[in-house]
Undergrad: 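One structure follows; several queries about it will come next.
These numbers come from a predicted model, not from an experiment.
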Amino acid sequence: MSAASTNRQKTNTFRLLAPGVVWMILFLVAPIMMIVYVSFWTQTTFAINSTLTLDSWRNFFASEAYVGALWTTIRLWLIVLTLTFVIGYPAALYVGLLVKSKTVSTVLLVLCVIPFWTSFLIRVLAWRPMLGKEGAINIILQKVGLIDTPIEVLLFSELSVIIGMTQIYVVFMVGPIAFMLGRIDRNIIEAARDLGAGFGRIFWKIIFPLSLPGVVVGAIFVSVMVLGEFATSGALSGRKVNLLGNIIVTQVGSLKWAMASVVGVILTILLGIVVAGFLRIVDLKREI
Amino acid sequence: MTQSDPIFRLEGVTRRYGNLTALDGIDFVAEDNSYIALLGPSGSGKTSLLRVIAGFETPDKGRIWFQGRDITDLPAHERGIGFVFQNFALFPHLTIFENVAFGLRHGATKVPDAEITDRVRASIDMVGLSGLEDRNPDQISGGQKQRVALARSLVMQPKLVLLDEPLGALDANLRERMQTELRAIRERLDVTFLHVTGSETEALAMGDRVAVLDAGRIIQHGTPDSIYDSPAVSDVAQFLNRFNMFEGSLKDGMFHGAFGAVSVASARPNDTDVYAIRYDRTRIFDADASDLPGPALPVRYLASEYLGSSIIFLFETADHKTVEVDHHLSLGEPRDLTVGQNYVLSWDPAQAIVFGKESAR
Amino acid sequence: MESKVLKPILAVYVGLFILFLYGPFIVLGILSFQQGPEGGPQFPILSWSTYWYQHLFGLTPPSRIAPLPVGEALVRSLTLAFMTMVTATVLGVMAAQAFRKRFRGAGVVFYLIVLGMMVPGVLTGLGTSLLANNVVGIERHWWSTAFLAHVVYTFPFAFLVMLAILNRFDGSVEEASWSLGVSPITTFRKVTFPLIFPGVLSAMLFAFTLSFDEFPRTLFASGRDQTLPLAIYGTFSVEIHPNIFAFGVMTTLFSFALLSVYGILMGLSVRRAKKMAMQEDIA
Amino acid sequence: MAYDLQLTNVYKTYDNGTPAVIDFNLDVEKGEFIAFLGPSGCGKSTTLRMISGFETVTSGDLMIRGKRVNDQLPEKRPTSMIFQNYALFPHMNVRQNVLFGLEVKNMPRAEANRKVDQILDKLGLSGIAEMPTARLSGGQRQRIALARSLVVEPDILLLDEPLGALDANLRKSIQNELKLLQRDLGITFVFVTHAQSEALALSDRIVVMNAGRIEQVSPPRELYTRPSSQFVARFIGSNTILPGTVKAREDGNVILETAFGILGGANRAGIDAHDGREMSIILPAEAVDLVPADVPEDEMRANFGSNTIPCTIERLQIVGHIMHMIVSFVDGRKINVEGHVDKYRDRLKAGGRAFVAWKSANATVIDH
């Protein structure tokens, strides 16, 4: 390629990318580096200074509550991830593949997405009158006669956090899966039928493998959001469930920046492992 | 510029994509005011060549001259070369009129509105689409889109228009009509068309000159007749899809092949020894016929394909090679053949074309 | 396929699924009509009233329940969402445009941008406030630090939307324009942009709503002045009242209004094309 | 009778009441190569999809090897379909694609692999057996689709525009391959196309369809030389149609009085051509001769009788070994004539005068 035009094209690409890249480096990468750095700072009661120390790290691993929060985060993440997948896949299958009319499929998808235009916090809060002792579920169950006394474990427990998170995040699983299923060429399924395959085989050999990128994208969405959560657990568990996010919020609230940073780094590492793991299954860039 | 001056000239144009060499040092001179068909199989680099001339891509090496000026480093919009895309690439958000007016409205030189209207109307009229000015591109047929694309290029009065498989997206019946029309339109204007196609019939039908491109090189350039009647190398003959080609060996003026040994008057230089006889020059005889005009190739009859104006008979040789015979129905009814039966094919050796390593003579 | 059995079963399932998604809303909507000011945020409904809606707009006589501090917060949130929308969309369109050509390091840049939506809000928020506090030494505001963090979050969405649109965009119309002697800049203005405009609109919608509702980043990165989600969050720690439910209903309606505007803008172009096609059929 | 495929009074009406296929009747013998040919929307694809089972039959009987299959699911039918876009499984390599149909049948692994190897070898795919299908060329993809369908040994192979997705210069060689493969296997092939050249070249019989109905079912040459209706005459080939009134009959030919004089054509369909009946003569472009005006009149009369029309040569074009000639009659009408170059080279020149001439036996008369 002649030098002049190669350079012209390169400059062009550079100009288009520079603002975005600079923004991300300054306001995303640098802050994360900062968290790592500050996690080694020395914390005094009301201030921190940049003398490097491992104290905060030691404190984290010495505290049962903190390490417990790590395990709770991982446990809740796995449960919610599984639930969103198990509950979301059949819905996605219907919306993305089985509904023949494009309009119906679009309407159903829009229906699923509409709740997102209500404030996230209010969506969380809406579970309280639903799950509470005098909440809708207990009232209905009592009216039907399935139970005599209200189930108390529904609200302010790990269960309520799980229910709340599943409801809020399941759509992030349904969307990408339905999208991938919608992209499957119907002729491929007809070809498989034509070769004598029944639904079970078509599902496991054709449909599921082809929807896998959607599952992975959905799983990444859900994981990222659940692992960084603190509001849902705060609002629905009555402080009984502490996630890594909750600890960060509390520590920042009491100006314990170093400890907050330690938890932040641990959260970052956890996320890095999870996302990298999922990205090994599909190349995200190619799917878009 | 006089009539015989070249409109454009390529000098050692080379284009690589990674390891793949799409264009391999192409030298080419095109006469002004002519219709040039560039024929090549898919992957031969023909579209790359067009895009390099248009300025959508830049060559790694070599120069491009247009109207006596080196345009190698000029961006596409400063070249003044028209381009007609295979998918037409009409602006979907503009009416037919605005599509055609686009270059006049937004180009570097300001054109007064009245002149734009006149030129656009004249151009639309020339391609026979008057009355459709206010339609949107999605409201017209494929053939009409093709015409709009053409009018849009021609309204800029370019001296060179590049056409990238312009008939590829049209169905067979329309393709034939557009062939005639494209030629007629070009003849009316003082413009050179460089038309890229993968179809040998299209190239032969349309070009005043035909260039055959293979693996990034131009392997033959001449009139359609000369390409068809005397392919320069065996690859051209192969690509024309009209020759039975036999491998064999050429030694001391004799070609030894599946049909025995034939004496060869002259051979064209080639990497391998190949004997080629056109489908329509190959004739069918009974297995025991004695009055053959030339070599005897024993074959078994497999099937026939009816092409409307001609019939193709498919035969198989002893070594399972398929051989074709084309009988044009204007020459009368063909003979009846029985599937599975043995026959002998023969031809006038003077009509064969021989390629060989031993080309001297 | 045994869709004769499977399809109805799944149809029922999807119905239940949607009920699961909407259940809390329905309850929330019902409870927003709780009697006030005595009625609490739970069943039973003492009596139906619109008290809490009036309360929201300060139309009720003063009581022990303070009105939600939403007035100024709403203005701030809208302003912030608008600023974010414009910045993120411009960055997103530019970056996606660059990605149409192959270049070295494309993979790294892609993941750098996508990282913005992958990193949880707590982390971006924490990091941004650390940087502001301890390195630059500036005060945090919703219009400065929080804005930066919001763009970090929404720019990837805008970028991905535009990437998807541009991937399907047939570049030959641009080449056609160049070959007609129209410069690349005019070509972008007259051809590319009008054609990708629906995508730009979607990217804007994404960026606006994400920013408007953004909470964890704002929590850390903004200063004293609250945005709307922060104001709501503030009420969490104290006792909640049905006024917040009424507010939820209001914001939902607002969102619908926003969605409708988007829908109308998108639909207009489609309808225009359809109408012309129909005239065609009649003719 | 041992028919492989029989359609008797088959109708297809869509849910919204639009008729797609009307009274379709066809008997196909084992080993036949059948083409459904017609303009888009004529019902040819719908018929193919009814045979495969992807569309239901509204009324009538659909029989495969003597068994009524109207209500049989596509996965149970002994048919196999080649889709226009080939519908290869994108996440599987070539071998896995071909193996799929045998896995479905739970065929023992060793036997299945052997069969797959055989068919891959037969279609020249052995070298790419382990490649993912995404990067392969159109021709290769089509062969994979063929292999995938043929390996399950269907009674009938259905092909939906099998050459439509291939580029022009590949099409011809694939066409030959397909034809020879079908001859070799002896399986019944039914294919849908809108390209007459494909239908003519490949099939034993062509079913011409128009607006949901069968117009004509004939072998290619017969269709070309003996169209049964104006629609077929216009749709197939490059024909000139001259209307006239019957004046006389001789030796199976009909003599018409036309605007261009007394002209004759063969009455191949055996129409009752009584005097005064309105009929048309069909002149195929390659069946007529273009005779230069300098040929002596008695020589011409001896060859063609009164079947001559004076014309002006508008345009001559040689494409390969074929001469395309466009000539105009006195009324300005332009018609196509074509012939081998050997017959015409150097005898004609553009702008000159000539005669379009034919022997009555080479033209056909049909009802007007």
Undergrad: If you draw a 6.0 Å radius around CZ in C:Phe206, do more than 12 non-hydrogen atoms from other residues or ligands fall strictly inside?
TA: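 No, because the 6.0 Å sphere around CZ of C:Phe206 holds 12 heavy atoms or fewer from other groups.
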Undergrad: Quick one: which of C:Asn133, C:Leu131, C:Leu253, C:Ile232 has the most heavy-atom pairs under 4.5 Å with chain A, could you say?
TA: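 Heavy-atom pair counts peak at C:Leu131.
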Undergrad: Nearest 0.5 Å, please: how far is CD1 in A:Ile122 from CD1 in C:Ile244?
TA: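 Between C:Ile244 CD1 and A:Ile122 CD1, I get 6.0 Å after rounding to 0.5 Å.
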Undergrad: If you count heavy-atom pairs under 4.5 Å between each of C:Arg100, C:Gln97, C:Lys101 and chain A, which one has the most?
TA: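 The residue among C:Arg100, C:Gln97, C:Lys101 with the greatest pair count is C:Lys101.
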Undergrad: Which answer fits A:Val171, side chain, backbone, both or neither, if we ask what part of it has an atom under 4.5 Å from a heavy atom of chain C?
TA: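 Side chain only.
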Undergrad: Could you walk me through whether C:Ser129 and A:Trp257 pass side-chain contact (heavy atoms from CB on, under 4.5 Å), step by step?
TA: CA-CA 10 Å; C:Ser129 58; A:Trp257 294 102; 3.6 Å; yes
Undergrad: Using 30° and 60° as the class limits, which term best fits the ring planes of C:Phe147 and A:Trp23: parallel, tilted or perpendicular?
TA: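 Judged by the thresholds at 30° and 60°, the geometry between C:Phe147 and A:Trp23 is perpendicular.
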Undergrad: So how far is it from A:Ser119 OG to C:Leu228 CG, rounded to the nearest 0.5 Å?
TA: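 Answer for the OG-CG pair, A:Ser119 versus C:Leu228, is 7.0 Å.
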Undergrad: Given that the side chain runs from C-beta out, which part of C:Phe220 has a heavy atom under 4.5 Å from chain A: side chain, backbone, both or neither?
TA: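 Only the side chain of C:Phe220 comes within 4.5 Å of chain A.
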Undergrad: Does the pair A:Phe230 and C:Phe215 meet the rule for a side-chain contact (heavy atoms from CB on, under 4.5 Å), with working shown?
TA: CA-CA 11 Å; A:Phe230 61 93; C:Phe215 160 62; 3.7 Å; yes
Undergrad: For the residue pair C:Pro120 and A:Met225, establish whether any side-chain heavy-atom pair is separated by less than 4.5 Å.
TA: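 With C-beta onward as the side chain, the pair stays apart.
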Undergrad: Find the one option among A:Leu267, A:Thr268, A:Ile25, A:Ile87 whose heavy-atom pairs under 4.5 Å with chain C are most numerous.
TA: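 Max contact count across the listed options: A:Ile87.
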Undergrad: For the candidates C:Ile113, C:Val249, C:Val152, which exhibits the highest count of non-hydrogen atom pairs separated by less than 4.5 Å from chain A?
TA: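 Of the options given, most contacts go to C:Val152.
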Undergrad: Hey, which of A:Arg15, A:Arg128, A:Met34 has the most heavy atom pairs under 4.5 Å with chain C?
TA: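 The answer is A:Met34.
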Undergrad: Please flag which part of C:Val109 lies under 4.5 Å from any non-hydrogen atom of chain A: side chain, backbone, both or neither.
TA: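 The side chain, not the backbone.
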Undergrad: Does any backbone or side-chain atom of C:Val151 lie under 4.5 Å from a heavy atom of chain A? Answer side chain, backbone, both or neither.
TA: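 Interface part for C:Val151: both.
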Undergrad: Non-hydrogen atoms of chain A under 4.5 Å away: do they reach the side chain of C:Leu166, the backbone, both or neither?
TA: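 Neither; nothing under 4.5 Å.
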Undergrad: Going by the angle between their ring planes, with limits at 30° and 60°, are A:Trp127 and C:Phe20 parallel, tilted or perpendicular?
TA: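 Tilted: the ring planes of A:Trp127 and C:Phe20 meet at 30° to 60°.
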Undergrad: Rounded to the nearest 0.5 Å, what separation is found between the CG atom of C:Leu28 and the CE atom of A:Met130?
TA: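 If we round to the nearest 0.5 Å, C:Leu28:CG and A:Met130:CE are 11.0 Å apart.
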Undergrad: Taking side chain as C-beta onward, heavy atoms only, is A:Pro31 less than 4.5 Å from C:Thr124?
TA: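 A:Pro31 vs C:Thr124: side chains apart.
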Undergrad: With a 4.5 angstrom heavy-atom cut-off, is it the side chain or the backbone of C:Ala149 that approaches chain A, or both, or neither?
TA: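 Answer is neither: C:Ala149 stays 4.5 Å or more from chain A.
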Undergrad: Just so I understand: if I count every heavy-atom pair under 4.5 Å between each of C:Thr251, C:Leu21, C:Ile9 and chain A, which residue has the most?
TA: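 Among the listed options, the one with the most contacts to chain A is C:Leu21.
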Undergrad: Is C:Phe159 close to chain A through its backbone or its side chain, or both, or neither, when contacts mean heavy atoms under 4.5 Å?
TA: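 It is neither, since no heavy atom gets under 4.5 Å.
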Undergrad: Evaluate the criterion side-chain contact (heavy atoms from CB on, under 4.5 Å) for residue pair C:Val119 and A:Leu271; output intermediate values, then yes/no.
TA: CA-CA 8 Å; C:Val119 174; A:Leu271 252 164; 5.9 Å; no
Undergrad: Measure C:Thr87 against the heavy atoms of chain A and call it side chain, backbone, both or neither at under 4.5 Å.
TA: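 Contact with chain A is through the side chain of C:Thr87 alone.
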Undergrad: Side chain from CB out, backbone as N, CA, C, O: work out which of these in C:Ile18 comes under 4.5 Å of a heavy atom of chain A, or both, or neither.
TA: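 Side chain only.
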Undergrad: Do A:Val99 and C:Val14 come close enough that some side-chain heavy atom pair is under 4.5 Å?
TA: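 A:Val99 vs C:Val14: side chains apart.
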Undergrad: With a 4.5 Å cut-off on side-chain heavy atoms, are A:Val275 and C:Met118 touching?
TA: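 A side-chain contact under 4.5 Å exists here.
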Undergrad: Heavy atoms, side chains only, cut-off 4.5 Å: are A:Leu17 and C:Phe103 in contact?
TA: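 Yes, side chains in contact.
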Undergrad: Please look at C:Leu219 and chain A and tell me whether the side chain, the backbone, both or neither of the residue comes under 4.5 angstrom of a heavy atom of that chain.
TA: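 Side chain only.
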Undergrad: Select, from A:Ala136, A:Ala192, A:Pro90, the one with the greatest count of heavy-atom pairs under 4.5 Å involving chain C.
TA: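 Winner by heavy-atom pair count: A:Pro90.
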Undergrad: In Å and rounded to the nearest 0.5 Å, what is the SG to OH distance from A:Cys112 to C:Tyr22?
TA: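 Going from SG on A:Cys112 over to OH on C:Tyr22, the span is 7.0 Å.
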Undergrad: Less than 4.5 Å to any heavy atom of chain A: does that hold for the side chain of C:Ala11, its backbone, both, or neither?
TA: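 Both parts, backbone and side chain.
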Undergrad: Of the non-hydrogen atoms in C:Val27 and A:Pro129, which two are nearest, and what is the gap between them?
TA: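 So the two residues come closest at CG1-CB, 3.8 Å.
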Undergrad: With side chains defined as the heavy atoms from C-beta onward, is the minimum distance between C:Phe99 and A:Thr13 less than 4.5 Å?
TA: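 No, every pair of side-chain atoms sits at 4.5 Å or beyond.
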Undergrad: Under 4.5 Å, counting heavy-atom pairs only, tell me which of A:Leu227, A:Leu125, A:Ile32 racks up the most with chain C.
TA: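 Looking at each option in turn, the highest pair count goes to A:Leu125.
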Undergrad: Can you find a heavy atom in the side chain of C:Pro229 that is under 4.5 Å from one in the side chain of A:Phe120?
TA: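 In short, these two side chains do not touch, never coming nearer than 4.5 Å.
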Undergrad: Which answer fits A:Val174, side chain, backbone, both or neither, if we ask what part of it has an atom under 4.5 Å from a heavy atom of chain C?
TA: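 The side chain, not the backbone.
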Undergrad: Only pairs of heavy atoms separated by less than 4.5 Å count here; which of C:Thr209, C:Leu123, C:Val93 has the most with chain A?
TA: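 Result: the option with the highest number of such pairs is C:Leu123.
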Undergrad: Under the side-chain contact (heavy atoms from CB on, under 4.5 Å) rule, what do C:Leu148 and A:Leu26 come out as? Steps first, then yes or no, please.
TA: CA-CA 9 Å; C:Leu148 298 178; A:Leu26 285 185; over 6 Å; no
Undergrad: Check whether A:Phe221 gets within reach of chain C through its side chain, its backbone, both or neither, counting any heavy atom under 4.5 Å.
TA: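 For A:Phe221, side-chain heavy atoms alone lie under 4.5 Å from chain C.
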Undergrad: What part of A:Phe14 gets closer than 4.5 Å to chain C, counting heavy atoms only: side chain, backbone, both or neither?
TA: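 The answer is neither part of A:Phe14.
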Undergrad: Chain C heavy atoms under 4.5 Å from A:Ser261: which part of the residue, side chain, backbone, both or neither?
TA: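 Contact with chain C involves both backbone and side-chain atoms of A:Ser261.
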Undergrad: For A:Gly264 and C:Leu126, which heavy atoms make the closest approach, and how far apart are they?
TA: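 It is CA-CD2, 4.5 Å.
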Undergrad: Can you tell me how far apart CE (C:Met117) and CG (A:Leu28) are? Round to the nearest 0.5 Å.
TA: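 Going from CE on C:Met117 over to CG on A:Leu28, the span is 12.5 Å.
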Undergrad: Among A:Val21, A:Ile168, A:Leu111, A:Ile248, which has the most heavy-atom pairs under 4.5 Å with chain C?
TA: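 Top option by heavy-atom pairs under 4.5 Å: A:Leu111.
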Undergrad: Could you tell me if the side chain of C:Phe17 sits less than 4.5 Å from the side chain of A:Val170, heavy atoms only?
TA: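 Yes, their side chains come closer than 4.5 Å.
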Undergrad: Quick one: CE on A:Met24 to OH on C:Tyr111, what's the gap to the nearest 0.5 Å?
TA: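 Those atoms lie 14.5 Å apart.
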Undergrad: Which bit of C:Leu130 comes within less than 4.5 Å of chain A, counting heavy atoms only: side chain, backbone, both or neither?
TA: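 Answer is both: backbone and side chain atoms of C:Leu130 are under 4.5 Å from chain A.
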